[in-house]
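In what follows, residues are counted from 1 in the order of the sequence shown. It should be emphasised that the depicted structure is a prediction, and the values quoted were computed from it without experimental measurement.
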Amino acid sequence: MSAFLLDTHVFIWLTENDSSLSDNLRMAIDNADLVYLSIASLWEIAIKLNLGKLSLQRSYETIGSAIDASDILILTVSFADTVQVRNLPLHHGDPFDRMLIAQAINHSLIIISRDKKFDAYSVQRMWE
């Protein structure tokens, strides 16, 4: 069974048909048994939009209906996830990515991300 957790940039590239996401990864996502997006990624997008560090092709408010229309599942943050974050070594300083790492560990998910810093943790990362 294949179960993936999308990094924030992967979700954006997937939904905006950005060529930065390879066709092979798109196919792997399309054919996966389960695909998750962390609520932390949506929080990250909202914050970066407000700070002017990110722009999207469409309005942020349309993301919810796009997710509802897809097979992507929202992964909520649990107390166990926060405990896992607290116990992670500080190889990666980004709090959003640290939460994704914790969730991938707790839920046995493969992270799809180009971020090589994830490799310092006991998670499986997929990228080409």
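- A heavy-atom distance below 4.5 Å is found between the side chains of Leu90 and Arg98.
- Residues Ser55 and Leu49 share a closest heavy-atom pair of CA-CD2, 4.0 Å.
- Listed here is the closest heavy atom pair of Val77 and Thr82: CG1-CG2, 4.1 Å.
- To the nearest 0.5 Å, the span separating NZ on Lys48 from CG on Asn50 amounts to 13.0 Å.
- If you take OG on Ser113 and CD1 on Ile101, they are separated by 8.5 Å, rounding to the nearest 0.5 Å.
- More than 12 heavy-atom neighbours from other residues, nucleotides or ligands sit within 6.0 angstrom of CG on Asp94.
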Verify side-chain contact (heavy atoms from CB on, under 4.5 Å) between Leu56 and Ile45, making sure each step is shown before the conclusion. CA-CA 9 Å; Leu56 299 175; Ile45 292 168; 4.1 Å; yes
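- More than 12 non-hydrogen atoms from other residues, nucleotides or ligands lie less than 6.0 angstrom from CZ of Arg58.
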Take Leu109 and Gln103 through the side-chain contact (heavy atoms from CB on, under 4.5 Å) test and state the conclusion after the steps. CA-CA 8 Å; Leu109 301 172; Gln103 289 181 304; 5.6 Å; no
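- The environment of Arg125 atom CZ is dense: over 12 non-hydrogen atoms of other residues, nucleotides or ligands sit within 6.0 angstrom.
- Counted by atom type alone, Asn24 and Ser22 present zero donor-acceptor pairs between their side chains at under 3.5 Å.
- The shortest non-hydrogen separation linking Arg26 to Ser19 is NH2-N, 4.5 Å.
- Using cut-offs of 30° and 60° on the angle between ring planes, the pair Trp13 and Trp127 is tilted.
- Cluster annotation: Phe118 is not connected to Leu37 through the hydrophobic network of ILVMFWY side chains, with a link wherever side-chain heavy atoms come within less than 4.5 Å.
- Interatomic distance, CZ of Phe4 versus CD1 of Ile111, reported as 12.0 Å (0.5 Å rounding).
- Residues Val10 and Leu25 are not in side-chain contact: their nearest non-hydrogen atoms beyond the backbone lie 4.5 Å or more apart.
- Cluster membership for Leu73 and Met1, using ILVMFWY side-chain heavy atoms within less than 4.5 angstrom, is shared.
- Atom CG of Leu54 sits about 12.5 Å away from atom NE2 of His9, to the nearest 0.5 Å.
- The CD1 atom of Ile105 sits 11.5 Å away from atom CG of Leu5, with the distance rounded to the nearest 0.5 Å.
- Here CD of Glu44 is found 7.5 Å from CG of Leu100. Values are rounded to the nearest 0.5 Å.
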Determine whether Phe11 and Ile72 satisfy the following criterion, side-chain contact (heavy atoms from CB on, under 4.5 Å), listing intermediate values before the conclusion. CA-CA 10 Å; Phe11 171 72; Ile72 297 173; 4.1 Å; yes
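- With hydrophobic clusters built from ILVMFWY side chains whose heavy atoms lie under 4.5 angstrom apart, Ile74 shares a cluster with Leu6.
- Under the 3.5 Å distance criterion, with hydrogens and angles disregarded, a donor-acceptor pair is assigned to the side chains of Ser78 and Asp81.
- The local environment of CH2 in Trp43 is sparse, with at most 12 non-hydrogen atoms from other residues, nucleotides or ligands closer than 6.0 Å.
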Trace of the side-chain contact (heavy atoms from CB on, under 4.5 Å) decision for Leu88 with Tyr121: CA-CA 8 Å; Leu88 287 175; Tyr121 297 93; 3.8 Å; yes
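- Linking Ile, Leu, Val, Met, Phe, Trp and Tyr whenever their side-chain heavy atoms come within less than 4.5 Å leaves Phe96 and Val83 in two separate clusters.
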